[in-house]
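These notes concern the structure reproduced below.
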Amino acid sequence: MVKSEIGRLKKVLIHRPGLEIERLTPDLLDRLLFDDIPYLEVARKEHDYFAGILKDNGVEVEYLEDLTAEAIAEPGVREKFIEQFLDEAGLLDEYRREAVKSWLSKYNNKELIVNLMSGIKKTEIDNLVDRSLADRVNTDYPFILDPMPNLYFTRDPFATIGNGISLNHMKTETRNRETIFAEYIFNFHPDYKDADIPRWFSRYDKKSLEGGDQLVLSSEVLALGISQRTEPAAIEQFASEILRSDQSFNRVLALQIPPRRAFMHLDTVFTMVDFDKFTIHAEIEGPLVVYSLTLDGEGQLQISKEKSTLSELLKTYLGLESVELIRCAGGDLIDGGREQWNDGSNTLAIAPGEVVVYTRNYVTNRLLEEKGIKLHKMPSSELSRGRGGPRCMSMPLVREKI
Ligand SMILES: NC(=[NH2+])NCCC[C@H](N)C(=O)O
């Protein structure tokens, strides 16, 4: 249950980076959405430090790889998962398919999930024969299944909103493959399969919606980013679903941000750190176009373009007397550009006024502390190469009500 961005975090889903981030090659960086090839050993230490902050502050930490392994333990589910995973990875050649399934058969469920996440190299498959000209021509491509390096950004493939989930359809093929894990967790895991958890969106939809664009500002108001990754039509569909549900949400604010890689999701330029305090990147401030999506008396979706500033909108719809927008590095073009690029605006609140941040964003961090925000700072030299911050690397499963 998640009805805010800042309620005390009680349970969270993360993924410890695996071989998938070290199997990146220079030619794959663009398609697999990374800016460099991380050093896995250090990235893991940084991620373990992140997990340590969460555990030391009373958060129950679940790992994506563990929950998925537990989900496919149900009779018949492992086989179903493998077939679907290979279909969605585009491995349709029967000979290669059988070779991969034979190779996977020796692994237990956890090892199977980790291997599929890591990608499978052709050289790993025993006795794989290049039978055709096509096989031989493709010999320079090293993978039979691509690695999935963005999995540690658990924020995006699905979002816990209210007592349901938005099981998202991702903009890019590489990330859309990731949504299978949440599908199996919520459909088959013993802790979730019978919990009657509503779905606010479907991974089988064709319009893209990503979790970095989904913020739960209060038990009544959601903020969604119209961004490089999330389409207006997907927001409209999501809003229709959740506003018509029995949830307490009565408004979706759709913020139109520049469709740039640096601002790929709303949470790279705007996050909530306290009841009345937000981080923001100065370059999206204005004039910022905001639409309100609500239901009229007959339950029909109403869309209106807001005329006020973001501060005024937040005061009005969140019922606040004042709002503090804390600009990334104080709005400085150079420092702000650098620190936003390294996710200085992408904070994870573990309680009201208490957030996890990257140590490297020291200008923004100082400003947050001056505003009375308690910081848990973590190293990120290797994790940052994937272009995500503490909020990106976490999907809250339970937050206390505020
Ligand atoms: N919620 C976020 N800001 N996620 C960041 C995801 C970064 C990832 N490399 C991508 O391009 O998708």
Side-chain angles (χ1 to χ4, degrees), residues 2 5 12-15 17-18 20-24 28-38 43 46-47 50 64 117 119 146-161 166 168-179 181-182 203 208-216 222-231 234 255 257-272 278-281 283-284 328 339-349 355-358 361 364 380 382-396:
V2 171
E5 286 289 310
V12 72
L13 180 72
I14 61 178
H15 169 65
E20 66 272 7
I21 68 168
E22 207 160 66
R23 287 183 162 178
L24 281 159
L28 285 177
L29 289 177
D30 188 48
R31 180 163 66 84
L32 299 189
L33 306 169
F34 265 63
D35 294 296
D36 202 338
I37 303 169
E46 293 170 350
H47 196 271
F50 178 49
L64 181 68
M117 288 176 166
D146 277 352
M148 304 169 82
N150 294 285
L151 279 168
Y152 68 98
F153 299 119
T154 51
R155 172 64 57 173
D156 303 317
F158 80 94
T160 312
I161 301 174
S166 177
N168 292 329
H169 180 83
M170 310 285 274
K171 182 78 173 179
T172 62
E173 182 188 343
T174 181
R175 294 218 67 186
N176 202 43
R177 290 177 63 209
E178 298 172 34
T179 59
F181 297 106
R203 69 187 293 262
S208 65
L209 173 63
E210 298 194 3
D213 283 312
Q214 297 173 291
L215 279 71
V216 186
L222 301 168
L224 270 77
I226 304 171
S227 71
Q228 183 198 58
R229 302 290 182 81
T230 292
E231 299 175 45
L255 284 64
I257 61 176
R260 286 165 49 183
R261 167 124 175 78
F263 306 165
M264 69 188 85
H265 293 125
L266 178 60
D267 71 359
T268 64
V269 290
F270 177 69
T271 53
M272 193 166 183
F278 303 78
T279 65
I280 193 162
H281 182 48
E283 282 189 59
I284 66 122
C328 200
E339 294 202 350
Q340 186 277 330
W341 178 246
N342 287 313
D343 288 289
S345 290
N346 185 263
T347 62
L348 170 67
V355 300
V356 184
V357 296
Y358 282 167
N361 297 312
T364 306
S380 67
E382 293 306 311
L383 291 173
S384 285
R385 297 180 196 281
R387 270 304 61 69
R391 188 181 189 272
C392 309
M393 296 193 296
S394 53
M395 177 32 67

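Whatever order the structure lists them in is the order used to number ligands and atoms, beginning at 1. Side-chain atoms are counted along with the backbone in the values below, which use heavy atoms only and exclude waters and symmetry mates. Everything numeric in this text was worked out from a predicted model, so none of it was measured.
Taking the six-membered ring for Trp and the full ring otherwise, H281 and F270 have centroids separated by 6.0 Å or more.
The N/O atoms of D267, backbone and side chain alike, include one that comes under 3.5 Å of an N/O atom in ligand 1. For C392, no nitrogen or oxygen atom sits less than 3.5 Å from a nitrogen or oxygen atom of ligand 1, counting backbone and side chain alike. At under 3.5 Å, a nitrogen or oxygen of H265, whether backbone or side chain, sits near a nitrogen or oxygen of ligand 1. At under 3.5 Å, a nitrogen or oxygen of R175, whether backbone or side chain, sits near a nitrogen or oxygen of ligand 1.
Looking at L33 against ligand 1, both its backbone and its side chain come within 4.0 Å, counting heavy atoms. Neither the backbone nor the side chain of E210 comes within 4.0 Å of ligand 1, counting heavy atoms alone. Residue contacts with ligand 1, taken as heavy atom pairs separated by less than 4.0 Å, involve D156 solely via side-chain atoms from C-beta onward. The side chain of R261, and not its backbone, has at least one atom closer than 4.0 Å to an atom of ligand 1 (non-hydrogen atoms only; side chain from C-beta on). With a heavy-atom cut-off of 4.0 Å, R155 touches ligand 1 through its side chain alone. At a 4.0 Å heavy-atom cut-off, ligand 1 touches M264 through the side chain alone.
Taking the ring axis of F153 as reference, the NZ or CZ atom of R155 does not stay both within 45° of it and closer than 6.0 Å to the ring centre.
Remark: ligand 1 atoms within the under-4.0 Å shell around heavy atoms of G386 are 7 (C), 8 (C), 9 (N).
Ion pairing between E178 and R203 fails under the 4.0 Å rule for side-chain N and carboxylate O.
With respect to R385, the salt bridge (charged side-chain N to carboxylate O under 4.0 Å, His left out) criterion is satisfied by exactly one of D35, D343, D36: D36.
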